[in-house]
Amino acid sequence: MLLRLRRALPPPQLEAILALARDLGYRTSFVDESKEFLRLNGAGAAHHPSRFEDLVGVAAVLDRGGARELHERLSGQPDTIVQAHQARFGGPHLSLIAGPCAVEDWEHLLAIAKAVQSGGAQLLRGGAYKPRTSPYSFQGLGEEGLALLERVRSATGIGIVTEVLDPRDVERVARVADMLQIGARSMQNTPLLKEVGQAGKPVLLKRSFGATVREFLLAAEYILAEGNSQVVLCERGVRGFDSVTRNLLDVGAVAHLKKVTHLPVIVDPSHAAGRADLVRSLARAGIGAGADGLMLEVHIDVSEVHSDGAQAITPEVFGAIAQDADHIAALDGRHLTGTVGAPRSR
Ligand code: PEP
Ligand code: MN
């Protein structure tokens with residue numbers, strides 16, 4: 001590791017840095033005569049750079065050396081492949097998650113599950129616990145919603161992705177879900193991130209609409225640091241200054257993330273667009289930027305949706321997006337899970 005120290009450091013501040021280095025098992029040497037650059041030699045661990053950043057005498061950690069963070073892609077390191085039920089994300093595999101915004105009732109849930117399953121989805125989405133901006137909006141069916149998800153899983157065989165909002169609910173949600181969703185509003189809820197890090201289930205982590213890419217990666221790091229390596233990142237749009245779309249889909253961040261982390265990255269064009277008529281275009285853009293899959297809000301009766309109705313697409317549009325995704329992925333030798341060798345039609 002290489003540290004840049006503040007100039008004219010008072011001796012106690014310098015001693016604090018050297019003492020921490022010794023405690024963490026590093027040998028230290030100054031690179032320059034003015035003692036501004038301090039080289040730390042030793043094995044290093046993911047949490048060490050932040051320890052030094054917290055010290056008043058350290059201006060910057062210039063090179064983390066072997067103290068890599070767990071999300072980082074080392075040179076030549078292949079993608080982590082995350083598996084959730086029949087879905088595979090990463091490497092050559094793309095998967096699709098589709099379903100209603102919220103679990104509403106049995107009839108709709110079953111019909112949507114069957115429709116998206118036959119359209120190419122490996123996982124059904126649907127919130128039982130909904131993170132709504134207003135406390136007066138529909139908050140989801142809670143435990144009753146979880147029971148419906150469990151029932152639709154056994155009826156159809158499709159895997160389940162559903163959001164957990166409260167650390168106290170993680171165990172209960174993990175009993176039903178094949179993948180735990182952390183929503184945009186919860187991205188920096190560190191007790192929740194730690195809890196899902198220990199839940200033994202893959203995690204779908206959505207980027208907060210106000211988070212930088214670095215903050216997004218450090219949220220993932222919380223989960224990884226608990227020993228859970230099965231994390232999929234989801235770009236769902238950040239807050240922009242225009243209202244033509246609900247959010248701004250940050251495709252640049254998707255392309256960047258694919259370089260700097262080995263974790264799979266998917267795109268949610270539904271919450272990015274906020275309008276059904278743009279979802280297909282944004283889905284294409286996401287896969288084109290390198291995403292390992294999509295999460296889409298689909299409903300069979302778009303006039304009856306309880307939440308996020310304006311962005312719900314029909315199963316027909318979903319089917320068209322699935323075909324698009326397979327075609328675009330094929331440009332760089334990737335494919336939708338379950339379609340290897342299957343004939344492609346336009
Ligand atoms: C969702 O996917 O159900 C959702 C609430 O989205 P976000 O957390 O991205 O707003
Ligand atoms: Mn929604």
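FYI, side chains are in, hydrogens and waters are out, and symmetry mates aren't considered; it's all heavy atoms of this structure. Both ligands and their constituent atoms are indexed starting at 1 by order of listing. Since we're looking at a predicted model, the values are computed, not measured.
For ligand 1, the atoms lying closer than 4.0 Å to a non-hydrogen atom of G183 are 8 (O). Those atoms of ligand 1 with a heavy atom of M295 less than 4.0 angstrom away are 2 (O). Below 4.0 Å from some heavy atom of H271 lie the following atoms of ligand 1, by number and element: 1 (C), 2 (O), 4 (C), 6 (O). Set against the non-hydrogen atoms of Q181, the atoms of ligand 1 under 4.0 Å away are 1 (C), 2 (O), 3 (O).
With hydrogens and angles left out, the side-chain atoms of D308 and H271 include a donor and acceptor closer than 3.5 Å.
Under the 30°/60° scheme for interplanar angles, the aromatic rings of H335 and H93 are found to stand perpendicular.
Not a single donor-acceptor pair under 3.5 Å links the side chain of T261 to the backbone N or O of L257. Counting only distance, with no hydrogens or angles, the side chain of H85 and the backbone of G157 share a donor-acceptor pair below 3.5 Å. In this structure, R132 contributes its side chain and F138 its backbone to a donor-acceptor pair below 3.5 Å.
Looking at E297, its N, O or S atom nearest to the Mn ion (ligand 2) turns out to be OE2. Nearest N/O/S atom of D308 with respect to the Mn ion (ligand 2) is recorded as OD2.
Of all protein heavy atoms, the one lying nearest to atom 3 (O) of ligand 1 is R125 NH2, 2.8 Å. Scanning all protein heavy atoms for the shortest distance to atom 8 (O) of ligand 1 gives A184 N, 2.7 Å.
Paired with R207 under the rule side-chain hydrogen bond (donor to acceptor under 3.5 Å, both in side chains), one option of N247, D250, D268 passes, and it is D250. For the pairing with D178, the side-chain hydrogen bond (donor to acceptor under 3.5 Å, both in side chains) check across Q83, Q86, R153, Q122 returns one residue only, R153.
Within the 4.0 Å heavy-atom cutoff, R207 does not count among the residues contacting ligand 1. Residue P131 places a heavy atom under 4.0 Å from ligand 1.
Ligand 1 has no N or O atom lying under 3.5 Å from any N or O atom of E163, backbone or side chain.
Distances from atom 2 (O) of ligand 1 to the heavy atoms of K206, R236, R246, E235 show the closest one on K206.
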Item to complete: Evaluate the side-chain contact (heavy atoms from CB on, under 4.5 Å) criterion for residues E104 and E304: first the C-alpha distance (whole Å), next the side-chain angles of each, then the deciding distance (0.1 Å), finally the verdict.
Response: CA-CA 10 Å; E104 298 167 346; E304 271 198 30; 5.9 Å; no
